[in-house]
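All residue numbers refer to positions in the sequence shown, counting from 1. Hydrogens, waters and symmetry mates play no part in the numbers below; they use all other heavy atoms, side chains included.
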Amino acid sequence: AGVVAVLYQGGLLVLDGVLTPGALVAFLLYAITVAAAVGALASLFGNYQEALGAARRIFEILAVPTTVPEPADPVALPAPVRGAVAFDAVTFRYESATDDTLRAISFTIAPGEVVALVGPSGAGKTTIASLLPRFWDVQDGAVRLDGIDVRTLRLRDLRGAIGVVPQEPALFSGSIRDNIAFGDPAAPDAAIVAAARAAHAAEFIDRLPEGYATRVGERGVKLSGGQRQRIALARVFLKDPAVVILDEATSSLDAESERLVEDAMETLLRGRTTLIIAHRLSTVRRADRILVLDRGHLVESGRYDDLVAQGGLFARLVAAGLRGGDPTTQTISNDS
């Protein structure tokens, strides 16, 4: 409306010879600039309302009390951490569930031992892996690290001693360096490069135009699945934890990426207490001991050959996985 008014009134003045055409054009430009600024006020108010609502939601989330609070009188975790893990009659149930997910589970893992968790879907494998770093607290029993109940340890100390390599690694939209340094934000560049080399990640990072400064995009969309897994392994190498939790890090990779990740995992597991959620027979064969879960119960425990010879649940899972292919690459069926 302002632009139209200026154009109309200015046109009349130009016709009367009071105003030059150049002056009219200048006034039109002024009017357009002012009109655009005034129009932006409406969108600015809308953005303000959106930000206000988002901020309110963020503070509501921050105000939610944690279900795993810091202990009032924490116990110091002795250094160096040996990595001895013990589940002592652990019973656990999720808040939204009506039945126990784990029922009086008891087992121990010696320092440096590699243990695989096997069982049908819903047996409680992921739950066990989540209870060790204390993502949840048990209802009965106790989870211990080096003989100390994890509920009495500072979360920073507990989780600092544990490294996790999930099946789908969580990468942030920053640089490759920042994503690796997530394992130890204060690490120098030399340590980050060494961790990348140990995880076979330096092989592709060095080929990128910006190297370690390359931005990976949200959730690492600019990287392949194998590259994301190697970044996740590099994090754990950099962190150098006493205990490692692996959630079948190679289950969705191509053959070449799987070989590189497997090589990195062999190095990573050396001398570390390892808990593996296993879906492939190749992973199960690597374990020193296998724990077989079914409906929240620990039903079998032992070495691969011994469990197969027993003819129980594990033997049936292996038989289902061996159908129609190479036994070292088959996936253990969840329907057995």
Which value, rounded to the nearest 0.5 Å, describes the distance between T214 atom OG1 and I176 atom CD1?
5.0 Å
With side-chain contact (heavy atoms from CB on, under 4.5 Å) as the test, would you mind laying out the steps for V243 and L132 before giving the verdict?
CA-CA 10 Å; V243 180; L132 180 54; 3.9 Å; yes
Could you go through the side-chain contact (heavy atoms from CB on, under 4.5 Å) check for V90 and V143 one step at a time?
CA-CA 7 Å; V90 169; V143 180; 3.9 Å; yes
Could you tell me whether R303 and D305 make a salt bridge, using a distance below 4.0 angstrom between a side-chain N and a carboxylate O?
no
Strictly distance-based, threshold 3.5 Å: is any side-chain N or O of T273 a donor or acceptor partner for the main-chain N or O of G83?
yes
Basic-acidic side-chain contact under 4.0 Å: R134, D149
no
Taking salt bridge (charged side-chain N to carboxylate O under 4.0 Å, His left out) as the definition, give me every residue that meets it alongside R93, ordered by chain and number, with sequence neighbours left out.
D100
Nearest 0.5 Å please: distance from the CZ atom of R235 over to the CZ atom of R230.
15.0 Å
Could you tell me whether F204 atom CZ has more than 12 heavy atoms of other residues or ligands within 6.0 Å of it?
yes
Test question: given the 4.5 Å side-chain rule for I, L, V, M, F, W and Y, name all other residues clustered with I58, or answer none.
F59, L62
Residues I105 and G296: closest non-hydrogen pair is CD1-O, 3.3 Å
Working to the nearest 0.5 Å, report the span between CD1 of I276 and CG of L291.
11.5 Å
Would a distance-only check, ignoring hydrogens and angles, find a side-chain to backbone donor-acceptor pair under 3.5 Å from R215 to S173?
yes
Carboxylate-amine/guanidinium contact R151 D137, below 4.0 Å
no
Measure from the side-chain N and O atoms of K239 to the backbone N and O of V164, and report whether any donor-acceptor pair falls under 3.5 Å.
no
side-chain contact (heavy atoms from CB on, under 4.5 Å) between L275 and I128, worked out:
CA-CA 9 Å; L275 188 63; I128 287 178; 4.1 Å; yes
Report, as yes or no, whether the 6.0 Å neighbourhood of atom CZ on F107 holds more than 12 heavy atoms from other residues, nucleotides or ligands.
yes
Can you confirm whether Y30 is buried at OH, in the sense that more than 12 heavy atoms of other residues, nucleotides or ligands lie under 6.0 Å from that atom?
no
Nearest atoms (heavy-atom pairs only) where I180 meets A196
CD1-CB, 4.1 Å
How many angstroms lie between atom CG of L171 and atom CD1 of I231, to the nearest 0.5 angstrom?
7.0 Å
Name all residues meeting the side-chain hydrogen bond (donor to acceptor under 3.5 Å, both in side chains) criterion together with R82; count only those two or more places apart in sequence or in a different chain, and write none if there are none.
none
Regarding R289 and E113, does a basic nitrogen lie under 4.0 Å from an acidic carboxylate oxygen?
yes
Test log, rule side-chain contact (heavy atoms from CB on, under 4.5 Å), inputs L12 and Y8
CA-CA 6 Å; L12 294 179; Y8 174 75; 3.7 Å; yes
